[in-house]
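Before any comments, here is the structure.
Note that the numbering runs from 1 along the sequence shown for the chain. Whatever order the structure lists ligands and atoms in, that order sets their numbers, starting from 1.
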Amino acid sequence: MITTHNLGFPRIGAQRELKFALESYWKGQSSASDLHAQGHTLRQRHWALQADLDWLPVGDFSFYDQVLDMSQTLGNLPARALHGHGTELDAYFRVARGRSAPDHQAQACCTAHAVAAGEMTKWFDTNYHYIVPEFDTHTRFALHADRLVSQLQEALAQGHAAKPVLIGPVTYLALGKSKDGTSKLSLLPQLLNVYAELIEVLVQHGATWIQMDEPILVTELDADWKHAFQTAYHQLKPCRAKLLLTTYFGPLQDNLHLAATLPVAGLHLDAITGREDVPALLNLLPSHKVLSLGVINGRNIWKTDLNATLDWLAPIHDRLGDRLWLAPSCALLHVPVDLSSEQHLPTDVQRWLAFGAQKLAELRTLAQALNHGRESVHAALQANTSDVQSRRVSPRVHQPEVKEAVAKIHADMGQRQHPYAVRARLQAERLRLPPYPTTTIGSFPQTTEIRQARRAYKSGELDATRYQIAMQAEIARSVAEQEALDLDVLVHGEAERNDMVEYFGEQLEGYAFSQFGWVQSYGSRCVKPPILFGDICRPAPMTVAWTRFAQSLTQRPMKGMLTGPVTMLNWSFVRDDQPRSETCLQLALAIREEVLDLERAGVSIIQIDEAALREGLPLRRTQWATYLTWAIEAFRITANGVRDDTQIHTHMCYSEFNDIMDAIAAMDADVITIETSRSDMELLDAFEHFAYPNEIGPGVYDIHSPNIPSQDQIVDLMRKAQSRIPAERLWVNPDCGLKTRQWQEVIPALQNMVAAAKRLREESAAAVTHRR
Ligand code: GLN
Ligand code: ZN
């Protein structure tokens, strides 16, 4: 019989219950025991949904992030977070977000105990962010197994076949950051002792199989890291648990031999992205080992073609028999919980989709068909075939005019009229900005009133005119606040946007929207990726009226604010029936029209956010060039049709630039604003090294933390920036948009930011009144 299992389940809850519980705890409105109770409820509910699998995951639940959980389990929370009030949970939240819940015993505690939050970065090529483990010479690991043990006991007590999930030791080290140059691999021996101890404790509490996630096996590893795998798994070999070495997000390629031969009881392979590895694996895998194949896409929401999958699996099953396990390709963290709660998707689109719960049902059908013959699941297979087929031929998906427009794209469309130096002069004349111009990244706080108005509008309680009036009032408020703050380049504040991708997707053809398709982005923050199912076109302007209204309220330049094609693509659930590059060009043409409409409306600065450009990079470097070529081309097609005196900005968050500097420069944006504050301006090294020619706004205010940066801190960061980038090409701005923050945080932070810019202007003797 085939064994079915799951690698991880979305923890946020079908109705984002965890989000609300966390945020209420952080505000001091509920207690730690309320939060724990919500965690318990969610785990119980999610395990129940997975109860008929042969193994379900335990330890995939997290109050913030599974990597941070691992750090906590290994006794590796940064020391700065350990002092302060509260329990270990509070220390955990201090690492996650700079502070925990308010301490009711000590009123002043909140700010006194604010610490620098841990750095956050993308989890492989997903839109999930993890908290980067920190290492230095003082790092000493020590086991804190309580959380995991109690969840294991909880699952066992509920009668489940529980398989604890750990991030494997090598991936854990690889994902972390050495703060003082200490070699990460030098920490491996002591780390392994703690893993061995942990495994033993889990075995004592009833674990038999343990899932060891080692996704770095799908990336290029140098000899030292390959060797670390040998060391690690040979040292863990005597442990009493059966280890399932788990890889996902890509093929193993040159690590295949290594992965197949490590002394573990089983290997999981992502058979969606790594299918090419399977023939070689079948030959290499020792005959005692289990091979788990991830045959349901854990990264996307399309129905699996079950018959095609069965055709492929049948001979593998014949060969492996009971040694074949089936699972989703990766943890279901990256897909929404349940399609059956959706009421408003177009019916044909709905039948093309599978969310978490439906994916588990597909898994059961596959196992049943292999175990008992396809006849035993005849009806399910037939329904699946007709759904899959209806998508292939749907006229909703295929629009010939769109395909023709893409075929007609030529390189000139991506070329500005003159090089940056010429444009910069014309733009300076038009814009008349001071040195160190200040701006923000686009959004201002999405207040309760804004969200209520949007909800009322969507449900029909508020008509379009009243909604428009409400949003215009918000725009007016944010313009007034920005003028009071004396910012130089204003934004309208994005009040009318719930999400930077969804907002545009809703106005484009080819997109559909779920009501509850939430996916965790970081901590309590979730996104609802739009579903890009068909050819894309823009029936009408999307932002022009709002921007024009905002500009009418002020003499200062108002930035037009758009989301770029690569980010639209990377933050959507994208159709899998044509190359992503093709879909991206369709998006580029649609947004290009918007750029040109904004320019025609008199907008002098247009920002095109490409927050997600970097995360689309393939995990293996050998494939980067291909991706960057089409992604940058798509951006250029979008942005570069404008006049010389129209200033194009782009914004990127959480990006490291060292290795993609050529591509960033090739975008040829006049100004790029980037995330830098948590990494202390280190990111700018790349720009300095490359001698990046255009203007840069390094983020000086970490908007992912409630902490308010002081004027001195900002000046300090800008000085660091100045040591790398000529002052006349620097802008002063936050890290990212301010939508998740509160006005009472944003105002003092921006006051400090503007004051810091003014101080820099005064101090810089060389400052000229007009830029260049
Ligand atoms: N303009 C967007 C905002 O300010 C950018 C968000 C982002 O980069 N993630 O919210
Ligand atoms: Zn950003």
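Residue-level proximity to ligand 1 for M652 is absent, since no heavy atom of it falls below 4.0 angstrom. When non-hydrogen atoms are compared, ligand 1 lies under 4.0 Å from the side chain of C736 (C-beta onward) but not from its backbone.
Relative orientation of the F249 and W123 rings is perpendicular, given thresholds of 30° and 60° on the angle between their planes.
Taking every non-hydrogen atom of M561 and a distance limit under 4.0 Å, the qualifying atoms of ligand 1 come out as 1 (N). Of all atoms in ligand 1, listed by their number and element, those nearer than 4.0 Å to a heavy atom of S443 are 3 (C), 4 (O), 10 (O). Per-residue contacts place G737 under 4.0 angstrom from the following atoms of ligand 1 (heavy atoms of the residue considered): 3 (C), 4 (O), 10 (O). Under a 4.0 Å criterion applied to the non-hydrogen atoms of C653, ligand 1 contributes the atoms 7 (C), 8 (O), 9 (N).
For F124 and H334, the gap between ring centers reaches or exceeds 6.0 Å.
Angle SG (C653) to the Zn ion (ligand 2) to NE2 (H651): 120°, rounded to 10°.
With sequence neighbours left out, E599 forms a side-chain hydrogen bond (donor to acceptor under 3.5 Å, both in side chains) with T646. Scanning for side-chain hydrogen bond (donor to acceptor under 3.5 Å, both in side chains) contacts around T554 gives E483, with sequence neighbours left out.
Looking at ligand 1, you won't find any N or O of K739 less than 3.5 Å from one of its N or O atoms. In terms of polar-atom proximity, defined here as any N/O pair under 3.5 Å, D609 does make such a contact with ligand 1.
Protein heavy atom at the shortest distance from atom 6 (C) of ligand 1 is M500 SD, 3.4 Å.
Panel note: side chain R99, backbone A114; no donor-acceptor pair is recorded below 3.5 Å. With hydrogens and angles ignored, the 3.5 Å screen pairs no side-chain donor or acceptor of T567 with any backbone N or O of T563. Judged by distance alone, with hydrogens and angles left aside, the side-chain atoms of E610 form a donor-acceptor pair with the main-chain N or O of V566 at under 3.5 Å.
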